[in-house]
Amino acid sequence: MIDPKLLREDPDRVRESQRRRGASVELVDQVLAADERRRSSIATFEQLRSEQKALSKQIPRAQGEEKQALLARTKELAAQVKVAEASQAEAGREYDRLILELDNLVEPDVPLGGEDDYVVLEEVGHLRDFAAEGFEPRDHVELGKVLGAIDVERGAKVSGARFYYLTGVGALLEMALANMAIDQATAYGFTPMIPPALVKPQAMEGTGYLGQAAEDVYRLERDDLYLVGTSEVPLAAYHMEEILDGELPRRYAAFSPCFRREAGSYGKDTRGIIRVHWFDKVEMFSFCHPDDAAAEHRRLLAWEREFWDKLEVPYRVIDTAAGDLGASAARKFDIEAWIPTQGRYREVTSTSNCTDFQARRLSIRFREEEGIRHVATLNGTLVAMARAIVAILENHQEPDGGVSVPKALQPFLGGRGRLEPLA
RNA sequence: GGAGGCGUCGCCUAGUCCGGUCUAUGGCGCCCGCCUGCUAAGCGGGUUGAGGGUUCAUCCCCUCUCGCGGGUUCAAAUCCCGCCGCCUCCGCCA
């Protein structure tokens, strides 16, 4: 949720942000109108209520006719108060509903445009020339078979399309990546976490995933719970309705499963484990001072880059355009790893600065001298297992289908330097 | 899932039976001041959060806030109903 005071005082800034996102500009005026109605109904209610309370206090001391008169008057007032209260509550709900629809304010430097209008900030690493090396690269599905690492057929048999098993070295690879990621995060002072993957509506709503993104979320109707699409959700909600004491930032790194319906992605990435309904991830999350948020965002990106540097996979960093930001994000950087058999870069991490947008919805605050403020929340992927495994297998493959293990990962794989093809 | 107990302003706690003087008691902690070679002690004051009005801002005024949501009543921490959470016991269970 955006700052209601800012909306009131500088609505043009909000309009501009909505425009850059390609979101509704008209919504801004709807919210402002709802705010007017809300405030006037509050004034009406409070005035009546105040009068009622004042008279009501005189009743115990009053006697006889005077008391009867007071009772009659307060009874009448009580009825009016009830009506005023109801209309005040209704105006409040309408205002809340509308203001929650407004997306976060886009940072000024965010590129204009939609999905394809990102700006490439940097390309890192060298693309292998397989032709020069004299062999045709296999894709991760083939490599997964050769290594006994990925079983998509049985995934489909048991759970349906877009499910898979990680087997043998595939399973080991996931755990190694998870440990390497947690290891790095812990070294930088993150608190390791294993959060719940099922959350209440409030947590989902608070992180901004029940808006446009709702179609992509699994819901357990019987229990009114949601399967999280990212551990950003339980991590952000961890401090919901709290006033944080002590130092900021507070940084957490969570290992957790992620579930996505992938609604509307029919036909896209149907082969392999690039786009799946479930994968595991290690995610960084930071609750920080709002004035430090942009700098913290850069730090998260730097930690992501460090991790991917260690995997020795070529990648590029992109600055996502305004039209492609999630509702909560003011700015988003993605790391895209090179996938040789696709001849293009694919998203493997994403870091968003949500400023105080989620913190307002979740009511997460901190104290400073000037008073109480909402924190900023930021999230960033260290490693999403399925896609990381794809990137490692494809980029480090050898002519026989074996895969060399990047040095930094070796200690987490029992020291092995190479994944061997099955006989 | 069943039975019982509990939920008060950071923590502990009074108040709930019997509705109004509760603008919620007291202690601890914390903050400010006084006193004092320093510290401690002592003394005085302050200390939930949200919203609205007013204001350049502060001050101030008002409303809401005793787990959450309804209801009864002129009036609810207090009475009634529903829900949630925690604890104890039973059942089930990795």
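In what follows, chains are A, B, ... by sequence order, proteins preceding strands, each numbered from 1.
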| If you look at every strand shown and take non-hydrogen atoms under 4.0 Å, does A:Ile372 touch a base, only sugar-phosphate, or nothing? | sugar-phosphate
| task | Looking at every strand, decide which applies to A:Ser50 at a 4.0 Å heavy-atom threshold: base, sugar-phosphate, or nothing. | result | sugar-phosphate
| request: Return no unless some side-chain N or O of A:Arg38 is found under 4.0 Å from OP1 or OP2 of B:G52. | output: yes
| So what does A:Lys82 hit on the nucleic acid, given a heavy-atom distance under 4.0 Å: a base, only sugar-phosphate, or nothing? | sugar-phosphate
| request: Using Watson-Crick or G-U wobble geometry with both distances below 3.5 Å, tell me the partner of B:A75, or none. | output: none
| message | Using a 4.0 Å heavy-atom cut-off, does A:Lys53 contact any base of the nucleic acid, only the sugar-phosphate backbone, or nothing at all? | response | sugar-phosphate
| task | Could you tell me if the ring centre of A:His277 sits under 6.0 Å from that of A:Phe259? | result | no
| Between A:Lys5 (NZ) and B:G51 (P), how many Å, whole number? | 9 Å
| task | Would you mind telling me which of A:Leu102, A:Val31, A:Val28, A:Leu100 makes a side-chain contact (heavy atoms from CB on, under 4.5 Å) with A:Ile2? | result | A:Leu102
| Does B:U63 have a Watson-Crick or wobble partner in any strand here, with both distances under 3.5 angstrom, and which is it? | B:A50
| query | Which is true for A:Ile42 with a 4.0 Å heavy-atom rule: it touches a base, it touches only sugar-phosphate, or it touches nothing? | reply | sugar-phosphate
Output a table of donor-acceptor pairs, distance under 3.5 Å, between side-chain atoms of residues 350-358 of chain A and any protein atom two or more places apart or on a different chain; print 'none' if there are none.
residue: A:Ser350; atom: OG; partner: A:Asp334; partner atom: OD1; Å: 3.0
residue: A:Thr351; atom: OG1; partner: A:Asn379; partner atom: O; Å: 2.8
residue: A:Asn353; atom: OD1; partner: A:Thr355; partner atom: N; Å: 2.9
residue: A:Asn353; atom: ND2; partner: A:Glu107; partner atom: OE2; Å: 3.3
residue: A:Thr355; atom: OG1; partner: A:Asn104; partner atom: OD1; Å: 3.4
residue: A:Thr355; atom: OG1; partner: A:Asn104; partner atom: ND2; Å: 2.9
residue: A:Asp356; atom: OD2; partner: A:Arg360; partner atom: NE; Å: 3.2
residue: A:Asp356; atom: OD2; partner: A:Arg360; partner atom: NH2; Å: 3.0
residue: A:Gln358; atom: OE1; partner: A:Thr377; partner atom: OG1; Å: 2.7
residue: A:Gln358; atom: NE2; partner: A:Thr207; partner atom: O; Å: 3.2
residue: A:Gln358; atom: NE2; partner: A:Glu232; partner atom: OE2; Å: 2.7

| request: May I have the distance from A:Arg373 (atom CZ) to B:G49 (atom P), rounded to whole angstrom? | output: 17 Å
| said: Salt bridge check, A:Arg373 against A:Glu368: does any charged N sit closer than 4.0 Å to a carboxylate O? | reply: yes
